Amino acid sequence: MTQPLQPVPMAAPSFSTTTLTPVLIHLLRGASDLASVAATHAKLLKAGVASTLASSNHLLAAYCRCGAMSRARDLFYGMQDRDVISWTTLMSGYTASGRPREAVSVLRAMEFSGVQPNVVTLSTAASACARLADAGLGKQVHARAEVAGCARDTIVSTALVDMYGKAGHVDDSRAVFDGMAAPTRNAVSWGAMLAVYAQNALGNEAIQLFAELRTSGSGPAPNHFMLSSVVSACASVVRLSIGKCVHGAVLRLGHGSNDTVIAVALVDMYSKCGCYEYSRKVFDRIEQPSVIPYTSIIVAAAKYGHVRCALALLGEMVDRGVQPNDVTLLGVMHACSHSGLVDTGLQFLHSMQSKYGIAPCPSHYTCAVDMLGRAGRLEEAFGLAKEAQVEGNEALLLWNSLLSACRTHKRLDLATLAGQRVSEFKQDVAGGLVLMSNAYASAGQTDNAAAVWSSMRQRGIQKDPGCSWIEVKDIPYVFYAGVVSCAGARADEVLMLLDELEYKMREKGYKGRLGSARVFDALEDDGDGGKGVMVGVHSEILALGFGLLVVPKGMTIRVMKNLRMCCDCHETFKLISGIVEREFVVRDLNRFHHFKMGSCSCNDYW
DNA sequence: CTCAAACTCA
């Protein structure tokens, strides 16, 4: 056996007190690995030179850069003097290695030792609180910044904006942002504020703020951070027309190619807005897609029921040497689930560990249980649900989907069991109870169904009202079940059109009613409707009627809904698409339906 | 030539 070639050892630098710092910096500069930092450290000790505060700080920073926090800590506590840079370096090291709790302790110890924080200390501290999502601690840092007179500093303010946002205190973020003088706000500050809105599901506020920046004339040019936040804001509030405008801005500003982050945001935006084709076009322009672009397009394909496509994309990425992660596989499983490929989906669950080295998470089990449940394989679903170690919010989701499956497949025996598990959760009682009463109603036990319903009313439990919306020329119109007034002056026309359509549908054998109130229908739908006893026309039908009036012929009508579509409405949309010869896309709670010539892309499985 | 802020996938 031959020894591998050893690099020629470099001559050990000779240390002297006068040249110490330049030599040290030279050695530490490129050193991001612990071994070389430790070697330099050892040489220093061996040379026996007296370390200065600055040299120790350099060494400390080097240990922090390679994440060797215990070494950094030992060095720090062995130092004779510590200045604000020493303290801040240690804090920043802890924050960067994902230990914000320790960073905050360092801040406390620093205060105790009487060293005054500077702007760098305070921005680091704010960022530690951001990671902790702790607005209480963050507010203390904010107060210290005020006392130190640096709360208006650009970087400190920006870190505070981010911190409040991560803790969910959006108004405080905005207050800090507004407190900054206009010239102090740079591109990062704007980006941080936009991201706060985008991350807190306040897409419209993000869009509004971006518009303010664009119309103000002053202020920084939009960069890729701002643009990706605004695109994802458009996605979260499903504003296709504005999303397209921002896409235009992205292209004009030269971020169209070679910016994968924006491209991924666009893929996601188009898929959430009902335009899978556009998602695909944006994806196809990404060179050498990594796991994240692949995941986003697989998730998009899954939402539209394009299971073959999702599987092909998975194969393609593996062939190209791109490793799928847990989210990718969840996306693939969702695709199987939405198309009823239950056994393929289960294979992924059982082989992901051995084939891809990824351990199944609660979300994978939840998806599999949901998949089995909707296919009517309820015993298997229950078995898997009990076997999976799922807790908290995921467990609620899991048992809720089982409950819903029991109702669909009229398995009252199991429904009671699942209903019990759901009721163990304090939150979202309403959803579970609605499902429970629906299960009774499906099994023909209207008395029990009504009992659950009336107990809900007595206890004052309200559920989310079902609503649907449609965007026309930039403006979203929101419809609630039985309430046509959103159509404004055209409300009567909508009702007339629906009557006419109902007549034509009857000629094709439709037996139901579109418009008039139906008693106890609320027990059979997915929770649409207000009072529980009198339910009028469902919200998506109203949105469709309005869309047929105002969206130019030839254009796809896109309706968004906050709950799952019911079977009745699904049939209705299919029939109407054939009658009026137009295409509709409906975004459900968890997927898209593309109606065309009397049928739906989901093949009636969802 | 040591310490600081913003982004994408279910």
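Below, each value reflects all heavy atoms present in this structure, side chains not excepted, and no hydrogens, waters or symmetry copies. Here is the naming used below: chain letters follow the sequence lines, and residue numbers restart at 1 for every chain. Quantities reported herein were computed from a predicted structural model and do not represent experimental measurements.
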Residue pairs meeting side-chain hydrogen bond (donor to acceptor under 3.5 Å, both in side chains), one or both in residues 229-238 of chain A, sequence neighbours left out, come to none

Is the distance between the ring centroids of A:Tyr276 and A:His594 under 6.0 Å?
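Distance test on ring centres: not under 6.0 Å, no.
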
Over all strands shown, is A:Thr88 touching base, sugar-phosphate only, or nothing at heavy-atom distances under 4.0 angstrom?
base

What pairs with A:His224 under ring-ring contact (aromatic ring centres under 6.0 Å, His included), at least two apart in sequence or on another chain?
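With neighbours one apart ignored, the set is empty.
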
For [X] and [N], give me the distance from atom [atom1] to atom [atom2], rounded to whole Å.
| X | N | atom1 | atom2 | value |
| --- | --- | --- | --- | --- |
| A:Gln116 | B:dC3 | CD | P | 22 Å |
| A:Arg144 | B:dA4 | CZ | P | 20 Å |
| A:Leu107 | B:dA4 | CG | P | 15 Å |
| A:Tyr63 | B:dC3 | OH | P | 17 Å |
| A:Ile155 | B:dA4 | CD1 | C1' | 5 Å |
| A:Tyr94 | B:dA4 | OH | C1' | 19 Å |
| A:Met91 | B:dC3 | CE | C1' | 9 Å |
| A:Tyr164 | B:dA6 | OH | P | 16 Å |

Report the residues that fulfil salt bridge (Lys or Arg N to Asp or Glu O under 4.0 Å) with A:Asp319, sequence neighbours left out, ordered by chain and then residue number.
none

I'd like a table of donor-acceptor pairs (distance under 3.5 Å, sequence neighbours excluded) in which one partner is a side-chain atom from residues 59-82 of chain A, with atom names and distances.
{"unit_1": "A:Tyr63", "atom_1": "OH", "unit_2": "A:His41", "atom_2": "ND1", "d": "2.8"}
{"unit_1": "A:Arg82", "atom_1": "NE", "unit_2": "A:Phe76", "atom_2": "O", "d": "3.0"}
{"unit_1": "A:Arg82", "atom_1": "NH2", "unit_2": "A:Tyr77", "atom_2": "O", "d": "3.3"}

Would you please name every residue forming a side-chain hydrogen bond (donor to acceptor under 3.5 Å, both in side chains) with A:Asp83, sequence neighbours left out?
A:Asn57, A:Ser86

Between the protein and nucleotides 7-10 of chain B, which nitrogen or oxygen pairs come in under 3.5 angstrom?
{"unit_1": "B:dC7", "atom_1": "OP1", "unit_2": "A:Gln199", "atom_2": "NE2", "d": "2.4"}
{"unit_1": "B:dC9", "atom_1": "OP1", "unit_2": "A:Asp268", "atom_2": "OD2", "d": "3.3"}

